[in-house]
Amino acid sequence: MDYEKLAELLFPETDKLPSHYETMYPERNLPEGAMVTRLGPSPTGFIHLGNLYGAFIDERMAVLSKGIVYLRIEDTDDKRYVKGAEKMLLDSLSYFDIKFDEGITSEGEEGAYGPYHQSRRKEIYSCYVKELVKKGFAYPCFLTEEEISIIREEQTRLKLVTGIYGEFAKSEKLTFKEVEERIALNLPYVVRLKAQGSPFSPEILRVKDGIRGELAMPENFLHIVLLKQNGMPTYHLAHVVDDHLMRTTHVVRGAEWLSSLPVHLELFSKFGFEPPQYCHTPQLMKLSDNNTKRKLSKRLDPELSLLYYRQEGFHKDCVREYLMTLLNSDYEQWRKENPNKPLSDFPFSIEKMKSADALIDLNKLCDISKDVLLGKDVNEIYEFFKDWAFEFNRDIKGWFKDESFMKAILNIGREGEKPRKDLIYAKQIADHISYFFEDGLREQEDVPENIKDDDILVLLSEYLKTYDHSDDRSEWFNKIREISEKNGYAGKPKDFKNEPEKYKGHVGDVSTLIRLSLTGRRESPDLWEIQQILGEEKTKGRIRNYMTGREQNA
RNA sequence: GGCCCUAUGGUCAAGUGGUUAAGACACCGCCCUUUCACGGCGGUAACCCGGGUUCGAGUCCCGGUAGGGUCACCA
């Protein structure tokens with residue numbers, strides 16, 4: 001077989017040589033130790049936590065080593081292409097504050113190593129595959145889908161590894177003339193790698209993974225597809241060519257790629273390229289119903305989608321903070337010691353990553369979120385909450401008419417020695433503060449058990465009568481004490497606890513009744529503060545309304 | 001099924017041959033407290049199993065087991 005002639009037959013249009021691209025995309029001029037990383041999502045319309053997790057590693061590695069992190073769109077599968085997916089991808093990444101030095105941005109392409117859409121790199125892939133054909137490392141394969149499935153069935157029956165290799169690689173044996181005839185007939189074909197490994201006694205490859213350490217895997221023997229019928233590259237080819245040409249030094253990807261590592265290593269070696277340092281990250285899992293770990297699935301698990309976190313309104317810093325605790329386990333300790341330092345000061349390193357799969361824990365995310373939000377200025381929280389509402393909860397747009405009112409609400413109890421940590425994520429915040437707005441009042445909760453039905457109106461009307469909006473916190477509370485004691489409720493909860501038979505209840509029960517009339521709930525932050533924010537008129541109005549409601553019920 | 005990866009409390013996890021096996025979240029109890037939240041104190045709870053190596057094994061080796069991944073003209 002004359003491989004040169006075969007290459008010309010298959011790629012008559014391709015006149016450039018690899019050396020052309022090698023000079024076009026030279027080695028990057030970066031300081032010693034600088035890492036070049038990349039994120040290569042597919043525009044399928046679904047971005048998940050794993051993407052962000054990986055993006056974060058890429059970004060940290062590049063930034064800390066003074067290298068480059070770029071974004072490349074891996075759109076080689078037209079069947080899965082979703083319109084608008086790319087914009088969504090960019091939005092999500094920028095929402096979570098991942099910044100790229102190079103590649104695709106919302107303004108277009110940036111950088112000297114493009115194009116950064118794989119779909120626009122067909123010529124480059126053809127050139128490199130042509131080179132492989134010339135060297136006898138790749139060949140056209142005319143096997144149809146039906147033929148391949150027959151082969152697979154036979155292999156399954158014989159308990160052999162499925163795939164195209166060895167004697168099953170029928171097209172490999174075609175003579176030049178036979179290939180020529182088929183091409184003349186316009187028969188569709190793919191280009192396959194002529195793998196060198198043996199299926200029976202493969203050599204063992206030893207690779208060092210940046211996260212997992214030494215890995216031992218058998219060499220590849222599968223004749224995998226390099227170019228599809230439509231001339232588009234498969235992931236394998238595109239990955240090797242692009243990461244070489246874009247001078248990527250570290251490939252961070254999920255562990256699901258581990259098993260195709262031998263293929264990639266073989267390609268790097270066939271091309272004569274230096275392979276990058278691979279870093280296979282653990283997978284994100286969740287606990288399934290029968291208490292076993294399982295991979296997150298996009299159909300079953302809404303929390304896998306990045307959109308979920310935006311819809312729920314988790315602040316970007318909370319998600320990043322949480323992800324950090326999964327990435328480097330000494331992060332929480334560091335954060336404790338450096339509560340105010342920016343995350344970028346943390347000495348992140350891939351060596352500190354664990355290789356076992358991680359279960360995502362929303363509980364923990366919430367806990368972290370409380371602290372992160374507490375550390376934020378009320379103005380920032382206001383903006384964050386407003387942005388969320390305008391994008392994901394239009395119903396409450398009206399809540400933002402009075403900015404200082406909203407800010408006062410969001411700032412309740414956040415100052416002082418023991419600040420409250422009520423705010424977790426936007427959706428939760430909306431519910432948490434809803435009682436401040438007439439359209440957000442929920443159904444009334446039950447009156448405390450210790451409050452006698454006959455006392456309700458008595459207690460409230462006395463409260464109204466003595467209410468003075470200018471009272472300070474202690475004056476205000478003393479009045480409640482007096483009302484309680486006057487009506488048979490202990491002024492101090494301790495008294496009631498010690499001698500329950502002497503009282504109907506205690507001041508806490510009375511306070512809860514007032515809280516109920518004001519907010520509809522039995523739990524809330526400090527009532528005095530709520531009243532100050534609500535204003536005198538609304539405060540009194542709500543109590544009167546509540547009383548009228550009780551009267552009508554009675 | 002073949003190949004590969006992984007294995008410490010419910011979860012995230014320290015730990016690299018000698019520890020009373022850290023810490024965080026969750027949970028429970030107590031304290032503080034007008035409710036809640038916050039905070040403080042305390043508690044329940046773990047080295048998958050079996051063989052080696054060793055004076056000594058969560059830690060090293062081998063074998064199981066379990067979970068996961070992958071075996072596409074998807075990435």
Side-chain angles (χ1 to χ4, degrees), chain A residues 40-44 74-77 79-80 118 141 143 145 148 152 156 159-163 188-192 199 202 209 212 215-218 222 224-236 238-239 253-262 280 282-283 285-287 291-295 322 325-326 329-333 335-336 354-368 370 374 412-414 416-422 432 448 477 480-481 484 491-494 506-516 519 521-528:
Chain A
S42 297
T44 59
E74 312 215 331
D75 53 351
T76 54
D77 185 13
K79 288 188 287 295
R80 293 206 308 168
Q118 291 186 327
C141 172
L143 253 25
E145 260 180 67
I148 292 174
R152 191 184 1 255
T156 311
K159 294 195 162 66
L160 293 170
V161 177
T162 55
Y189 67 91
V190 299
V191 179
R192 284 184 188 272
D209 184 280
R212 288 160 193 262
L215 251 31
M217 318 191 88
L222 292 171
I224 53 113
V225 172
L226 261 18
L227 288 180
K228 310 178 202 173
Q229 270 181 22
N230 62 5
M232 280 295 218
T234 55
Y235 170 85
H236 308 297
H239 151 55
R253 39 140 79 152
E256 68 269 23
W257 289 109
L258 229 30
S259 52
S260 47
L261 187 54
H280 290 95
Q283 303 207 277
M285 313 285 285
K286 97 170 239 166
L287 209 58
N291 260 346
T292 56
K293 276 188 187 179
R294 65 150 221 269
K295 192 183 178 183
Y322 171 62
T325 66
L326 287 187
S329 59
D330 55 337
Y331 180 76
E332 281 188 87
Q333 185 60 31
R335 177 48 86 204
K336 216 171 166 181
K354 215 182 95 149
S355 45
D357 298 331
L359 237 43
I360 66 152
D361 184 349
L362 288 177
N363 243 329
K364 183 98 178 182
L365 207 212
C366 287
D367 183 67
I368 288 171
K370 289 182 192 172
L374 186 61
I412 291 179
R414 282 167 33 91
E417 287 280 293
K418 291 179 173 183
R420 300 180 63 91
K421 296 181 182 174
D422 289 324
H432 186 255
F477 192 65
I480 298 180
R481 273 220 166 100
S484 302
K492 290 183 177 165
K494 272 242 166 70
H506 61 87
V507 66
D509 296 313
V510 178
S511 297
T512 302
L513 173 68
I514 298 168
R515 169 171 286 111
L516 203 55
T519 68
R521 309 177 185 193
R522 293 173 58 155
E523 296 162 7
S524 84
D526 184 74
L527 260 185
W528 182 81

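Both backbone and side-chain heavy atoms feed into the values below; hydrogens, waters and symmetry mates do not. A, B, ... follow the sequence lines: proteins, then strands. Residue 1 opens every chain.
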Quick one: which of [options] gets closest to the side chain of [X]?
| X | options | answer |
| --- | --- | --- |
| A/Arg515 | B/U11, B/A75, B/U34 | B/U34 |
| A/Glu256 | B/U33, B/U35, B/U70 | B/U70 |
| A/Asp422 | B/A37, B/C25, B/U34 | B/A37 |
| A/Val225 | B/U34, B/A75, B/C73 | B/C73 |

For [N], give its Watson-Crick or G-U wobble partner with both distances under 3.5 Å, or none.
| N | answer |
| --- | --- |
| B/A45 | none |
| B/U53 | none |
| B/A75 | none |
| B/A13 | none |
| B/U65 | B/A7 |
| B/A22 | none |
| B/C30 | B/G40 |

Report all interatomic pairs (protein N or O, nucleotide N or O of nucleotides 1-6 of chain B) with separations under 3.5 Å.
| unit_1 | atom_1 | unit_2 | atom_2 | d |
| --- | --- | --- | --- | --- |
| B/C5 | O2' | A/Arg212 | NH1 | 2.5 |

Nearest-Å distance for atom pair [atom1]/[atom2], residues [X] and [N]:
| X | N | atom1 | atom2 | answer |
| --- | --- | --- | --- | --- |
| A/Lys364 | B/A13 | NZ | C1' | 8 Å |
| A/Leu222 | B/C73 | CG | P | 10 Å |
| A/Glu145 | B/C74 | CD | C1' | 14 Å |
| A/Trp528 | B/C36 | CH2 | C1' | 19 Å |
| A/Asp367 | B/A37 | CG | C1' | 13 Å |
| A/Leu516 | B/U34 | CG | C1' | 14 Å |
| A/Ile368 | B/A24 | CD1 | P | 13 Å |
| A/Arg414 | B/C38 | CZ | C1' | 13 Å |

Using a heavy-atom cut-off of 4.0 Å across all strands, would you classify [X] as base, sugar-phosphate, or nothing?
| X | answer |
| --- | --- |
| A/Pro493 | sugar-phosphate |
| A/Arg192 | sugar-phosphate |
| A/Glu74 | sugar-phosphate |

**Prompt:** Is the shortest heavy-atom distance from the side chain of A/Ser42 to the side chain of A/Asp75 under 4.5 Å?
**Reply:** no
**Item:** Non-hydrogen side-chain atoms of A/Tyr235 and A/Glu74 separated by less than 4.5 Å
**Value:** yes
Under 4.0 Å: is that the gap between some side-chain N or O of [X] and OP1 or OP2 of [N]?
| X | N | value |
| --- | --- | --- |
| A/Lys421 | B/C36 | no |
| A/Lys370 | B/G39 | no |
| A/Lys418 | B/C32 | no |
| A/Lys492 | B/U33 | no |
| A/Lys79 | B/C74 | yes |
| A/Ser329 | B/A14 | yes |
| A/Arg152 | B/C71 | no |
| A/Ser260 | B/C71 | no |

Backbone N/O of [Y] and side chain of [X]: donor-acceptor pair under 3.5 Å:
| X | Y | answer |
| --- | --- | --- |
| A/Ser260 | A/Trp257 | yes |
| A/Thr512 | A/Pro448 | no |
| A/Lys492 | A/Val507 | no |
| A/Arg481 | A/Gly491 | yes |
| A/Arg192 | A/Leu226 | no |

**Same-atom distance (P) from B/C71 to B/C61, integer angstrom** = 29 Å
**Message:** When the P atoms of B/U6 and B/C62 are compared, how many Å lie between them, rounded to an integer?
**Reply:** 13 Å
**Between A/Arg152 and A/Thr162, a side-chain donor and acceptor under 3.5 Å** = no
**Message:** Looking at A/Lys364 and A/Asp367, is any side-chain nitrogen of the basic one under 4.0 Å from a carboxylate oxygen of the acidic one?
**Reply:** no
**Message:** Working to the nearest 0.5 angstrom, can you tell me the gap between A/Leu143 CG and A/Ile148 CD1?
**Reply:** 5.0 Å
**Request:** Determine whether any donor atom in the side chain of A/Arg420 lies under 3.5 Å from an acceptor atom in the base of B/C36, or the reverse, and answer yes or no.
**Result:** yes
